[in-house]
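Notes follow once the structure below has been shown.
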Protein chains: 2
Amino acid sequence: MPRPANRPSLTRERIESEALALIEREGLDAFSMRRLGQTLGVEAMSLYHHFPSKAHLLDALVDRVLASVPIPSREQDPASRLRQLVRHWRDIARRHARFYAWLSLHRWNSATGVAFLAEVLACFTDAGLDSERAARGFRALGYYVLGATLDETQGYANGPASLQPLTQVELETLHPQVAQAGRYFTPDQFDTTFELGLDVLLSGLGLLRR
Amino acid sequence: MPRPANRPSLTRERIESEALALIEREGLDAFSMRRLGQTLGVEAMSLYHHFPSKAHLLDALVDRVLASVPIPSREQDPASRLRQLVRHWRDIARRHARFYAWLSLHRWNSATGVAFLAEVLACFTDAGLDSERAARGFRALGYYVLGATLDETQGYANGPASLQPLTQVELETLHPQVAQAGRYFTPDQFDTTFELGLDVLLSGLGLLRR
DNA sequence: ACCTGAACACCGTTCAAGT
DNA sequence: ACCTGAACACCGTTCAAGT
């Protein structure tokens, strides 16, 4: 049966953009080839004509999101290029919060992913660090940003709760220091805390030296 | 039908310990209530007599793993207590590498989880930091350890590969700096790199000051 | 070339029934 | 009290068939 005239033909482009939107709307767990087919007005099996598997589709989404990251001009100094790259990294985490659980834990070793990481590494070498210090600093900074973005998008504020959590009263009784610190763990505090750790790392890893 | 005499009765204890072992053997994706029932010689539905849902079971596993972390004596100085806590954290990530993908992204807000986090936070306050600096430092350090443990267990070395990865030749041609840095990204380099970033953070966050 | 429908081998979970 | 079997509403994917 030919598709109705009012339904645009299926393309990788349409599938990918609807997939990203669907994941943010309904979550990664609810995302399935069948559900995606539904929202595109098509049988799930039609998707396999464009992507050989669900994993291939998700992989294409990783690439698509990474490709949307702007690369700062190399004319700027390494530290401010690095700050921009990190900011863009956090931006995609927030813009694709639910997909980020997949995105962040898959190797960024496509051409697009490596290109982004190469820019980050270049900031370290351009700052005058030898190759070992640059490599290790790059990696340590990556740990920090990975953890921060995951925690901010999946963690305390938004993430799945323990099924038998401590009540607020128990928390205040048993761990008053933790209860008090909670004041600094709300989403409006994310930026300040993130920048604090980032400054410590940039300075300690030798990015701010001449 | 009564269970055969050679099969021990089902208990939460048996279910939990077999679940953890099964997850490490076959991976988190392959882990199902039906598969777990199989390895315990029982119908999947029997598990629901002990745990109301798969999520409850996984939550009990989070608690069980966190409960296995030793808490250093408060007589030691804050910085070395913190180093021990972080080492134990990394240990559970490695010991439960496949389960860690679930463990790390669920709120540690059970009694056991909060108790561990309270010990980490106490290191910051005991080091003489005011409550804001302690809270933000605690959080920034948590970001770093979360990212490092996830990267070490799920990431580059062991994690899922991009389905169209750059080849080694392409990598060397397009991004020679990244190719060269790869020398410092192998598992035998994890400890050194991790300690480097940890030192920078402890020092910069005020843990090594008097 | 592109899409479909039935089928296969799985899921988590509900429920009535067995001992 | 503890376990089972059938059933429901889902999965990803294969395959032969349709246009």
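Order of the sequence lines fixes the chain letters, A, B, ..., with proteins taken first and strands second; residue numbering starts at 1 for each chain.
- When rounded to the nearest whole Å, the span between CD of Gln38(A) and P of dG5(C) equals 14 Å.
- What separates CG of Leu47(B) from P of dC3(D) is a distance of 9 Å, to the nearest Å.
- If you measure from atom CG of Asp29(B) to atom P of dC10(C), you get 16 Å, rounded to the nearest angstrom.
- Candidate nucleotides dT4(D), dG12(C), dC11(D) were compared by shortest atom distance to the side chain of Arg34(A), and dC11(D) ranks first.
- Picking from dT4(D), dG12(C), dT4(C) the nucleotide with the shortest atom distance to the side chain of Val42(A) gives dT4(C).
- Taking the side chain of Leu10(A) as heavy atoms from C-beta on, and the options dC3(D), dC3(C), dG12(C), the nearest nucleotide is dC3(C).
- Residue His50(A) has no polar side-chain atom (N or O) positioned under 4.0 Å from OP1 or OP2 of dA1(C).
- Counting only heavy atoms from C-beta on, His49(B) has its side chain closest to dC2(D) among dG5(D), dC3(C), dC2(D).
- For Thr167(B) and Glu170(B), the side-chain atoms include at least one donor-acceptor pair closer than 3.5 Å.
- Note on Met45(B): a base of the nucleic acid sits closer than 4.0 angstrom, heavy atoms only.
- Remark: Thr149(A) OG1 to Trp89(A) CH2 distance equals 6.5 Å, nearest 0.5 Å.
- The shortest side-chain heavy-atom distance between Trp102(B) and Leu28(B) falls under the 4.5 Å cut-off.
- Counting non-hydrogen atoms of other residues, nucleotides and ligands closer than 6.0 Å to CG of Asp188(A) gives a total above 12.
- If you measure from atom CE of Met33(B) to atom P of dC3(D), you get 13 Å, rounded to the nearest angstrom.
- When the P atom of dC2(C) is taken as reference, atom CZ of Arg14(A) falls 14 Å away, rounded to whole Å.
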Review point. Reading DNA chain D 5' to 3', what string of ( ), [ ], | and . shows its pairs, if Watson-Crick and G-U wobble pairs count only when both distances fall under 3.5 Å?
Key: ||.|||||...|||||.||
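- In this structure, the side-chain hydrogen bond (donor to acceptor under 3.5 Å, both in side chains) partners of Glu26(B), at least two apart in sequence or on a different chain, are Arg35(B).
- Following rounding to the nearest Å, Glu43(A) (CD) and dA6(C) (C1') show an atom-to-atom distance of 11 Å.
- The existence of a salt bridge linking Glu18(B) and Arg25(B) is confirmed by a sub-4.0 Å separation between a basic side-chain nitrogen and an acidic carboxylate oxygen.
- Proximity of Arg98(B) to Thr153(B): side-chain heavy atoms (C-beta onward) are nowhere separated by under 4.5 Å.
- Rounded to whole Å, atom C1' of dC11(C) lies 15 Å from atom CD of Glu26(B).
- Closest to the side chain of Ser32(A), out of dC11(D), dT4(D), dT13(C), is dC11(D).
- At dT4(D), one or more side-chain N or O atoms of Ser46(B) fall inside 4.0 Å of OP1 or OP2 (strictly under the cut-off).
- Rounded to whole Å, atom C1' of dC2(D) lies 11 Å from atom CD1 of Ile15(B).
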